[in-house]
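Below is one structure, written out as structure tokens, with a few remarks after it.
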Amino acid sequence: MAALLEIQGANPFRVRAYRNAARTLDALPRSVADMLAEKEDLSRLPGIGKDLAGKIAEFLDTGHFLALEEVEREVPAGLVDLTQLPGLGPKRVKVLHEELGIRNLTDLERAARKHRIRELAGFGVKTEQRIIEALSRHASEERRHKLADVEEIARFYVDYLQAIPGAKVVIVAGSYRRRKETVGDLDILVTCKQGSPIMEGFVEYDEVDTVISRGPTRATVLLRSGLQVDLRVVAQASYGAALYYFTGSKAHNIAVRTIAVKKKLKINEYGVFKGEQRVAGKTEDEIFKAVGLRYIEPELRENRGEIEAAKKNRLPRLVSMSDIRGDLHAHSNATDGHDSLREMAGAAKKLGYSYLAITDHSKRVTIAHGMDEKRLRRQLDAIDRLNSRLDGIRVLKGVEVDILADGTLDLSDSVLRHLDLTIGDIHSGFTLSSDKQSERIIRAMDNPHFKILAHPTGRLINQRPGYEVDMERVMEAALERGCYLELNAQPDRLDLHDVHCRMAKDMGLKLAISTDAHSTSNLEYMRFGVDQGRRGWLEPEDVLNTRPWRELKKLLARP
DNA sequence: GCCGTTTTCGGCCCGACTGTTTTCAGTCG
């Protein structure tokens, strides 16, 4: 709706209102249909007023969104795809539609190849060529990159830039710094001595495929990997303001700028200004202070309540890697892991942990060489023997037991009762309805040995969406039964989502941040889980494995 | 279309780069 209204030339603030509302809905941990069914007032959500609440209800009720259908009669829906192409915004798309009758990407491609676009006022040969190039790339790219994949690219680029003469600070801002699970592009911020050839160096980097734009303070390139990278150069005096500004998120920035405006201040990437005078800019701390806010960690900057919390000095003290005392989900070579019990224990000890749970698969997961009761008993004996020889690290006896289709567990209670930790999860039957899936999981939690629900949605980032499940219902059930949920730290999973972590925290449900390591090196995935947890406002007390074993053991004892 | 320590109307974040212009609109982040 926002995109179509924009093409139509509607009031830009009305357009923004739709975008804001969409962002709010997108970040909700629960289904809007459920909220309405429970008679919640949608207009209490930020950015959603009486009108939009009504339209949302109308859509859920009737399947129709009349206002949208009306706009679509005037502006073909296919034009929205056009605005996704670089260089094409609402104004130009409107011209393309009105002058050439273009209705979708196919029409656009045809017109570009016939060179009809270059004839239009405000367009030219270059624009036409860019459109053709963009169309040929469109299908292959157009997706966000996993944070872990981007990290390596970022590290090399940063090291390279750092080595350019005159470079001072080189830092990656944007969603990368906010530790979002996926990153659209890299925003690199640089301060340097005057006359440093940093911009030349940036565009001449080996991995650069195309230079999209380049000015004295800002440039954009496309790497061979398909990742877009922006560089911004600022003076040292503006470093904090620029870092703050380019870290975003956009929604957060807009909200804080609005606060500044009310205080007769102006925030831009060069500083905070009172009239002509710069009153802050060198550090992020200064920026926050200037607008009367406590320092907000980058992971929280999503305009999801952090600004109000900062005003009231109620920000969470976020969990960090140094709080983590152990890992509660890991595999050995008894099933599909690469390394032995002893090797895994040694690696965990090296990380400074005091415990590591070995939670190998159960028999149903044949592809992972899952264990039956007999093999699991042998492994428990092996862990006992290992523990008696180990010093400074305790291996917890665990299992990752499959939750079967009917909600029963894949191993009998007679063996589960001997374990320190039973984690359960779903590896099949992904297509059940939300109700059925939720009931299946809750049934599994009814088993008194069940402790932690692992990777609760089953999603794989950029590969497969999670199964349908009513997360609030599952969390409530866990809370009632003394069970917990996992935040799986695998960079492909990061399951729970940040908004679900927040929901758990708000409900008082503790989470385990676990790596699901299949090798000693995988244990290092913990930091991705911690980052995700921080985005979900988790504090050390919200996380099971910040506890020493003595305390953790009590928490794991079902009432 | 939303929102309220300028509250029910009148505001709504801000600057850089490009291409097509000949002083700037459009796009982008």
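Order of the sequence lines sets the chain letters (A, B, ...), proteins ahead of strands, with each chain counted from 1.
Comparing the P positions of dT7(B) and dG11(B) gives a spacing of 13 Å, expressed to the nearest Å. Taking the C1' atoms as reference points, dC17(B) lies 25 Å from dC12(B), given to the whole Å. As rounded to the nearest Å, dG1(B) and dT6(B) have P atoms that lie 27 Å from one another. If you take atom P in dT20(B) and the same atom in dC13(B), they sit 30 Å apart, rounded to whole Å. Here, dT22(B) and dG15(B) have their C1' atoms 23 Å apart, quoted to the whole Å. Atom P of dC9(B) sits at a distance of 26 Å from the matching atom of dC14(B), rounded to the whole Å.
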(request) Treat primed atoms plus P, OP1 and OP2 as sugar-phosphate and everything else as base, then score nucleotides 10-18 of chain B 5' to 3': B for base contact with protein heavy atoms under 4.0 Å, S for sugar-phosphate contact only, - for none. (result) --BBBBSSS
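For Q228(A), no side-chain nitrogen or oxygen approaches OP1 or OP2 of dC28(B) to under 4.0 Å.
Of the residues D209(A), D149(A), I153(A), the one that meets the side-chain contact (heavy atoms from CB on, under 4.5 Å) test with S225(A) is I153(A). For the side-chain contact (heavy atoms from CB on, under 4.5 Å) with L186(A), the qualifying choice from V150(A), D230(A), L223(A), V158(A) is V150(A), the only one to do so.
Note that CZ of R177(A) is 11.5 Å distant from CG of D187(A), once rounded to the nearest 0.5 Å.
Across dG29(B), dT6(B), dG1(B), the shortest atom-to-atom separation from the side chain of K262(A) is found for dT6(B).
Figure legend. dT8(B) is base-paired to no nucleotide; pairs are counted as Watson-Crick or G-U wobble with both atom distances under 3.5 Å.
Remark: R116(A) CZ is loosely packed, at most 12 non-hydrogen atoms of other residues, nucleotides or ligands lying under 6.0 Å away.
Going from atom CZ of F123(A) over to atom P of dT21(B) covers 11 Å, rounded to whole Å.
Residue-level contact check: K94(A) touches neither bases nor backbone, having no heavy atom under 4.0 Å from any strand.
Using a 30° and 60° split on the angle between ring planes, H252(A) and F288(A) fall in the perpendicular class, above 60°.
Remark: R118(A) engages E128(A) in a salt bridge, criterion side-chain N to carboxylate O under 4.0 Å.
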